2 protein chains.
Amino acid sequence: MEALSQYLKEQLQLPEVEAHALLRYWQKPKSLKRNDFLTRQGQVENHLYYIRQGTLGIFYDIEENEQVVGFGYADTLICSFPSFIRNHPSDYYIQALGATELIGISRSDFYRLLDEYPRIEHLWRQMLEEALLGRIEREIDLLTISPRERIQRLLNRSPHIFQLIPNKYIASYLRMTPETLSRNMRQP
Amino acid sequence: MEALSQYLKEQLQLPEVEAHALLRYWQKPKSLKRNDFLTRQGQVENHLYYIRQGTLGIFYDIEENEQVVGFGYADTLICSFPSFIRNHPSDYYIQALGATELIGISRSDFYRLLDEYPRIEHLWRQMLEEALLGRIEREIDLLTISPRERIQRLLNRSPHIFQLIPNKYIASYLRMTPETLSRNMRQP
DNA sequence: TGTAATTCTTGATCGAGATCAAGGATTGAC
DNA sequence: GTCAATCCTTGATCTCGATCAAGAATTACA
């Protein structure tokens, strides 16, 4: 709980009162082993999670293939966003890539807090803006034609991913095969 | 102004008082001819625009190629989002694809209104959530391997685009050449 | 309306990345 | 710590979409 509290107050500049209100509800701890599902396809995502430790992958089955669309790692938030927002069954599934520990807040609690505390909504708005900017970056990554350039962009933007995540997932995330990633990682 | 007012009140459910406050500031009309720039690369995006009529393209130069990353059409909002949010020079440029008429609100006015009216911030938060969901859809579109499937997804999600926008732009948007788009539009 | 510019289509060729395959290196589970 | 499973690498081949080209259709604008 410490890390989240610090994250809210220092990183996100949320005042004490609001941080306290948020933290009261943010306490549904969950432990996952490698390959355990946090969220399954078809299931409604009722929680927003904060990752205490470990790494997770967000997957989407596309034309019968498992496609990686994102990762989660310590001290960030994760959920099947469309499902959480829309309260609909999730097209995505989220799986632990190693031993993982999370805490969650329910959608109803979360949205109640947004309505109750304008500063929390303000914070959430800012986080959404950031998330949107991230997605826009990601879109350019995906549109970049050469595999080598795509790798380079990810290396620049998120070098830590290469430490945390097995290459085969990164390859899928970068819209290429593990072979292509391997061949292009050697000599830059 | 009519259309925007109606859009705010009916589509977005914004109460009279807030709609009125927003509209007071939202009045910087602009007319563009085909190929005119709304926003140039390197220029800071200081306005958020509402498109009264016409169509626009959002472009990004990627590996020396002009890449289409989005479109704008009547009764929607448009701007170089990262530049508008971050107050930094824009990597994107926005160009009219035909005669276009817009009205804009300045960033400073807009953010002042967000701070002043929680309901406007609430509305903006909801719009950001929607925009984020749209981007997530778009990501899946881009990850879809077969050109034919990518076309199909866009046809399902935004059939109107095919009426409004010349195919060569759509091809770029769908990460393929005009030739490939043409060849795959004939027999489904 | 007429004409020039642009866009769309169809064909032929080419090449980058996918696929298939197999040996070697890491990793994880007990 | 051991052994099995998983992951990474390297090579050979193949395939789909890009590229190049040229003619037809459409659109823009005076």
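In this text, all values refer to a predicted model and were calculated from it rather than measured experimentally. Within every chain, numbering begins at 1; the chains are lettered A, B, ... in the order of the sequence lines, protein sequences first and strands thereafter.
Between R148(B) atom CZ and dT15(D) atom C1' the separation is 16 Å, expressed in whole Å. Between the CG atom of L174(B) and the C1' atom of dG17(D) there is a distance of 14 Å, rounded to whole Å. Across the protein-nucleic acid pair, K168(A) atom NZ and dA18(C) atom C1' stand 17 Å apart, rounded to whole Å. One interatomic measurement links the two molecules: CG of N167(A) to C1' of dT26(C), which rounds to 12 Å at whole-angstrom precision. Put simply, CD on Q163(A) is 12 Å from P on dT27(C), counting in whole angstrom units. A straight line from CG of D36(A) to C1' of dA29(C) spans 14 Å, rounded to a whole angstrom. A straight line from CG of N184(A) to C1' of dT10(D) spans 13 Å, rounded to a whole angstrom. Between the CZ atom of R186(A) and the C1' atom of dT10(D) there is a distance of 11 Å, given to the nearest Å.
Taking 4.0 Å as the cut-off between side-chain N and carboxylate O, R112(B) and D109(B) count as a salt-bridged pair. Salt bridge annotation for K30(B)-E101(B): absent, with no cationic side-chain nitrogen under 4.0 angstrom from a carboxylate oxygen. A salt bridge links R86(B) to E130(A): at least one charged side-chain nitrogen sits closer than 4.0 Å to a carboxylate oxygen. Salt bridge R153(A)/E137(A): present, at least one basic N to carboxylate O contact under 4.0 Å.
Both L181(B) and M176(A) lie close to DNA chain C; mapped to their nearest nucleotides by heavy-atom distance, the more 5′-ward contact belongs to L181(B).
Counting atom types as modelled, R175(B) pairs no side-chain N or O with a base atom of dG17(D) as donor and acceptor under 3.5 Å. Evaluation of atom-type donor-acceptor distances gives a pair under 3.5 Å for the side chain of R183(B) against the base of dG11(C).
Side-chain proximity of R34(A) to dC7(D), dG17(D), dC8(D): nearest is dC7(D). The nucleotide whose nearest atom lies closest to any side-chain atom of P166(A) is, among dC7(D), dT7(C), dT9(C), dC7(D). For T180(A), taking side-chain heavy atoms from C-beta onward, the closest of the listed nucleotides dT10(D), dG17(C), dC8(D) is dG17(C). Side-chain proximity of S146(B) to dC8(C), dG17(D), dT19(D): nearest is dG17(D). With dC8(D), dC20(C), dT9(C) as the candidates, the nucleotide lying closest to the side chain of E179(A) is dC20(C).
The aromatic rings of F71(A) and Y173(A) are tilted relative to each other, their planes meeting at an angle between 30° and 60°.
Between T177(A) and the phosphate of dA18(C), there is a side-chain N or O to OP1/OP2 separation shorter than 4.0 Å.
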